[in-house]
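In what follows, a structure is listed as structure tokens, so that the remarks can point back to it.
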Amino acid sequence: MRMVRSGDTTDRSVERTPPWGVRWGTALAAAALAVTVAPPAARAQIAPAAPPANSPGDSIANAPALATNAAAAPAEQAPDLVVLEADTLIDDQIARTVTAEGDVQVRYQGRTMRADRLIYNLDTGQVQAEGNVEIVAEDGTATYAERVEADEGLNVAVATELRARLGENGALAARSVVRHGPGESELSNVIYTSCPICETGDRPPTWSLRARSAVQDRESRTILYRGAVLEVVGVPVLYMPVFAHPDPSVGRASGFLPPDFGRNTRLGTFYQQPYFWAISPYQDMTISAQVNSHVHPLLGVEYRKRFWSGELLAQTTFTYEQEFDDRGRTTGDETLRSSLFATGRFQISDYWDWGFGAERISDDQYLRRYSLRGPGAVRGPYIGDASRLISQLYAIGQDEDSYSSVSLVSFQGLRTSDSSNLLPVILPYAELDRVFADPLFDGQLRLQGSTAVLQRSVGADSARASVSATWRKDAILGPGIVVAPFAQARGDLYHNETSADHFETFGRGLGYAGTEISWPFMRAGENVDFVVEPIVMAAYGVDETSDPRIRNEDSLGFELDDSNLFRANAAPNYDLWEPGGRVSAGVRATARARTGQSASLLFGRRWRDEAA
């Protein structure tokens, strides 16, 4: 290590007043330079006040006081202290510069600059760094360059071959950068992407934006490009004379989103332009205007808001158009047509949540005619589809041993044969499910309750309440054979409308008992485990003759499949019942990957002693 001092000047007092506080240049000009001899690097700490420096003839070995003070400096860096480390420090008093060479590192007010060589001008406060320059800001973001000119606060003024990270995923590179003011920088021959960059450099990013020049405005936090070209996998696909987007550090900003355009048989040629409005950090709105060649324009609004206890999402569309029949022909007068899909869920307590789901359209053909999506999304415990929309208000409670829910549900049929007057409104549907471990013969006891109240504008109303107790015990015998006896007792109470304003109340008692036997065989693999499991189930249910007073309201879509092949009562829900004896036999094969994925295959058959 060496330190070279040129010139005969001994008075190194401050020759200019800093605009604020004690800056890096002021500290150097005050000659408060303490050098710690600790190979292989020289370290200088520059403080706002220090004794005068030694005379030009003094060597480092003749300055024990300074070395001692540096060694005794606290580990924590003071806010106004500059720490400079390098293999070599050259203090040139004639040129009024301090030069650091070899593994240079400067730390000041949370910022760090690293370079192969650094020159600091004592008069102007300008910093010139060359070779593998890296500047790390207070927030941890890093900027790289081959050559940098910066002010005494380490703010870049000019840079060449610059590379920078913007936000969490953004990456930017430029041939050169010129800083025009405190908040604006101009970049030339720039490229930007938010996709992961291949470390080996043999593949281009999925998409990137190249431009002749770009201006980064830190006050508005935007980047404006001129002569921009959008590339996908390195192939140019779109040229834009001028293009702008928010700085990735913004997170969210209001502005126009990429448009959607195309052509199909229903809309003809269409163009949709969305605008995103960042109302606040916890709510936003997207407004979309769409023009079509075959139908009238369409306006869409999406609103999102996050609360401390949950979140809300609402999507709606509007148009002023005639109605369409199932062949796409217009009919009637022009009128306001619309759709609404909304959902929200909020936490009441550690056990209870409440929420809602809304699905409504003005007429059956509206979604299909305008190629709109909406049905089929999860907006609550019950999911609609393209033929039937479901609106619901619900509350759900759940923990490791119990499940509770209560829901108010209404339907909108979208098929030609559907009549809204015949579709029921459920006021309410409620479930209670509680599991008790080891209460009886070391088995599991499950208590269930359910109720449903159905009301119609046209047709008979009905109500049902059910309670049941189910017991099951799994025991392993001999060479891994699983024997599981089970039993259930259930009672149903009905209150049905027999004629206008006349109701009949009646009930029934049901039950079954049986055993399921399985013998699983497993073969463990390096990446996948295979399980083959023969299964036999035999059960007998009470021979309850079908009561004509019981309307089948909840089991209309019954199908025998792998989900109920081995159920003791294959009839779903409550209104249907499977009487008499039944036996099911089959083989289930399952493959489970160590990554968590699984696939299964089931062969089986069910026999009954009488028709259900």
Side-chain angles (χ1 to χ4, degrees), residues 196 206 343 345 351 353 355 357 373 375-386 390 394 396-405 431 433-438 442-446 448 468 470-488 512 514-539 554-555 557-573 578 582-608:
T206 305
T343 181
R345 183 158 182 168
Y351 184 80
D353 288 357
R373 293 188 296 268
V378 178
R379 298 184 174 93
Y382 310 105
I383 303 174
D385 53 36
I390 296 178
Y394 62 89
I396 294 177
Q398 188 171 8
D399 59 21
E400 59 182 6
D401 297 321
S402 66
Y403 174 85
S404 307
S405 72
E431 292 180 290
D433 197 333
R434 181 67 186 270
V435 175
F436 300 89
D438 304 330
D442 295 328
Q444 184 185 79
L445 179 63
R446 182 180 182 183
Q448 292 175 282
S468 66
T470 305
W471 176 85
R472 179 185 174 102
K473 178 181 180 179
D474 292 344
I476 301 178
L477 305 179
I481 299 176
V482 181
V483 178
F486 54 81
Q488 183 188 85
Y512 60 75
T515 301
E516 179 181 287
I517 302 175
S518 63
W519 194 359
F521 296 87
M522 176 178 168
R523 179 179 179 181
E526 182 177 354
N527 298 314
V528 181
D529 298 333
F530 296 93
V531 179
V532 177
E533 184 181 14
I535 308 174
V536 176
M537 188 278 301
D554 60 11
S555 306
F558 169 65
E559 291 183 5
L560 183 65
D561 55 25
D562 60 337
S563 66
N564 53 27
L565 178 62
F566 294 101
R567 286 181 54 184
N569 179 28
N573 300 318
E578 185 180 15
R582 75 292 311 254
V583 175
S584 297
V587 178
R588 179 188 293 118
T590 305
R592 294 191 180 95
R594 298 298 172 87
T595 55
Q597 294 88 354
S598 65
S600 62
L601 184 65
L602 176 67
F603 294 93
R605 183 175 177 180
R606 191 180 184 96
W607 295 269
R608 300 190 185 97

Side chain to side chain, Ile390 and Arg379, heavy atoms closer than 4.5 Å: no
Student check: side-chain heavy atoms of Gln448 and Tyr403 closer than 4.5 Å: no
CG-CZ distance between Asp529 and Arg592, expressed to the nearest 0.5 angstrom: 8.5 Å
Any donor-acceptor pair under 3.5 Å from Arg594 side chain to Gly525 backbone: yes
Heavy-atom donor-acceptor pair, Trp519 side chain to Pro479 backbone, under 3.5 Å: yes
Nearest non-hydrogen partners of Asp474 and Ala484, listed with the distance: OD1-CB, 3.0 Å
Heavy-atom side-chain proximity of Thr590 to Glu533 below 4.5 angstrom: no
Donor-acceptor pair, side chain of Arg582 and main chain of Ala568, under 3.5 angstrom: yes
Met537 to Phe566 - nearest heavy-atom pair and separation: CG-O, 3.9 Å
Heavy-atom closest pair, residues Thr515 and Pro485: OG1-CA, 4.0 Å
Side chain to side chain contact (heavy atoms under 4.5 Å, CB included) between Arg446 and Arg472, worked out: CA-CA 9 Å; Arg446 182 180 182 183; Arg472 179 185 174 102; over 6 Å; no
pair Asp385-Pro375: side-chain heavy atoms closer than 4.5 Å: no
Exam field: side chain Thr470 to backbone Gln488, donor-acceptor pair closer than 3.5 Å: no
Approximate separation, where rounding is to 0.5 Å, of Ser468 OG and Asp433 CG: 8.0 Å
Leu477 atom CG: more than 12 heavy-atom contacts under 6.0 Å: yes
Side-chain touch Val482/Pro520, heavy atoms, less than 4.5 angstrom: yes
Considering all heavy atoms, the nearest Tyr512-Asn569 contact: CE2-CB, 4.1 Å
Flag, side chain of Asn573 to backbone of Asp554, donor-acceptor distance under 3.5 Å: yes
Residue pair Asp401 / Phe436, side-chain heavy-atom distance below 4.5 Å: no
Modelled atom types, side-chain donor and acceptor of Arg606 and Ser584, under 3.5 Å: yes
Least distance between heavy atoms, Ser402 atom then Arg434 atom: CB-CD, 3.5 Å
Nearest heavy-atom neighbours spanning Leu565 and Gly604: CD2-CA, 3.8 Å
